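Data block below; observations after.
Just so it is clear, the model here is predicted, and its values are computed rather than measured. The first residue of the sequence shown is numbered 1, and numbering continues consecutively from there.
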Amino acid sequence: MEPQLLLEIGTAARMLEQAEVTTAFLRAISHPARLVILCRLAEGPANVGDLEAFTGLPQAEVSKHLARLRADGLVAAERLGRARTYALTDMRASRIMRTLYCEFCAPESDQLV
C-alpha cells in the first residue's frame with residue numbers, strides 16, 4: 001500500500017509555481033548540445049574554443065547555445081583580454097549535471113544502482 005501524500009492548503013499553488021520554474025530549466029538543458037556544454041562547464045570554466053573542441057560543433061553554434069544558456073541564467077561570461085570564459089552560475093545546474101553524468105555518462109562500474 002502506497003503512503004498517502006497529505007498536502008497543506010496552498011501547497012499545490014506553490015508547487016505549480018515551482019513547476020513553471022522547473023519546466024523552464026528543463027527546456028534550457030533539453031538540447032543535446034546545451035547538455036554537453038553544461039556537462040563540460042560543470043568541470044570548470046571554459047572558453048568558446050575549448051567548448052568547440054569538446055563538442056565538435058562550429059563556433060557559431062557553440063556561441064548560439066551559450067547565448068541561450070546565459071539568457072536562462074545558467075552560465076555567465078567573464079572577459080579575460082579578448083577572450084570570454086564561461087562558467088556555470090546556477091548551483092542547481094551543477095548538481096543536476098553531476099547527477100546526469102553519473103546516471104548516463106559514467107562507466108557502468110561507476111553508475112549508481
Side-chain angles (χ1 to χ4, degrees):
M1 179 178 237
E2 301 243 349
Q4 287 188 334
L5 183 61
L6 301 175
L7 300 175
E8 309 170 9
I9 296 175
T11 300
R14 189 174 73 247
M15 289 175 70
L16 185 56
E17 288 174 17
Q18 286 306 111
E20 297 285 337
V21 171
T22 304
T23 301
F25 175 82
L26 292 173
R27 263 195 301 278
I29 70 169
S30 67
H31 190 281
R34 288 192 297 270
L35 195 56
V36 171
I37 289 168
L38 288 168
C39 275
R40 170 55 188 84
L41 294 178
E43 294 177 349
N47 63 37
V48 173
D50 296 335
L51 296 170
E52 278 181 83
F54 185 73
T55 63
L57 297 171
Q59 182 270 327
E61 193 167 340
V62 171
S63 293
K64 176 184 79 169
H65 290 298
L66 286 168
R68 166 72 189 266
L69 293 168
R70 285 178 67 194
D72 289 329
L74 301 180
V75 302
E78 180 180 340
R79 186 172 291 280
L80 299 171
R82 293 179 46 170
R84 283 189 178 182
T85 300
Y86 293 86
L88 284 178
T89 56
D90 187 304
M91 292 313 296
R92 293 173 301 184
S94 182
R95 288 190 304 269
I96 288 169
M97 297 317 299
R98 282 194 299 271
T99 300
L100 291 174
Y101 177 84
C102 289
E103 290 296 324
F104 297 104
C105 300
E108 286 186 33
S109 62
D110 294 342
Q111 289 181 355
L112 302 173
V113 179

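One finds the CZ atom of Phe104 at 10.5 Å from the OG1 atom of Thr99 (value rounded to the nearest 0.5 Å). Rounding to the nearest 0.5 Å places CG of Leu41 at 9.0 Å from CD of Glu43. Between atom CD1 of residue Ile96 and atom CD1 of residue Ile29 there is a gap of 6.0 Å, rounded to the nearest 0.5 Å.
A donor-acceptor pair under 3.5 Å links the side-chain atoms of Ser30 to the main chain of Arg27, judged by distance alone.
Among all heavy-atom pairs drawn from Ala28 and Leu69, the shortest one is O-CD2, 3.9 Å. The shortest heavy-atom contact between Arg40 and Pro45 is NH2-O, 3.5 Å.
Residues satisfying the salt bridge (Lys or Arg N to Asp or Glu O under 4.0 Å) test with Arg34, not counting sequence neighbours, are none. Residues passing the salt bridge (Lys or Arg N to Asp or Glu O under 4.0 Å) test with Arg92, sequence neighbours excluded: Asp90.
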For residues 74-89, which side-chain N or O atoms pair as donor and acceptor with protein atoms under 3.5 Å away, sequence neighbours left out?
residue : atom : partner : partner atom : Å
Thr89   : OG1  : Gly73   : O            : 3.1
Thr89   : OG1  : Leu74   : O            : 3.3

Run the side-chain donor-acceptor check on residues 15-25: report pairs under 3.5 Å with partners two or more places apart or on a different chain.
residue : atom : partner : partner atom : Å
Thr22   : OG1  : Gln18   : O            : 2.8
Thr23   : OG1  : Ala19   : O            : 2.7

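Within the structure, side-chain hydrogen bond (donor to acceptor under 3.5 Å, both in side chains) contacts touching residues 45-59 (residues at least two apart or in different chains) are Gln59-Ser63. Listed by first and then second residue, the ring pair (Phe, Tyr, Trp, His ring centres under 6.0 Å) pairs that reach into residues 34-63 come to none, sequence neighbours excluded.
Clustering ILVMFWY residues whenever any of their side-chain heavy atoms sit less than 4.5 angstrom apart, transitively, puts Leu51 in a cluster other than the one holding Val36. Residues Ile37 and Leu35 are members of one and the same hydrophobic cluster, defined by side-chain heavy-atom contacts under 4.5 angstrom among Ile, Leu, Val, Met, Phe, Trp and Tyr.
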Might you work through the side chain to side chain contact (heavy atoms under 4.5 Å, CB included) test for Arg98 and Arg95, ending with a clear yes or no? CA-CA 5 Å; Arg98 282 194 299 271; Arg95 288 190 304 269; 3.4 Å; yes
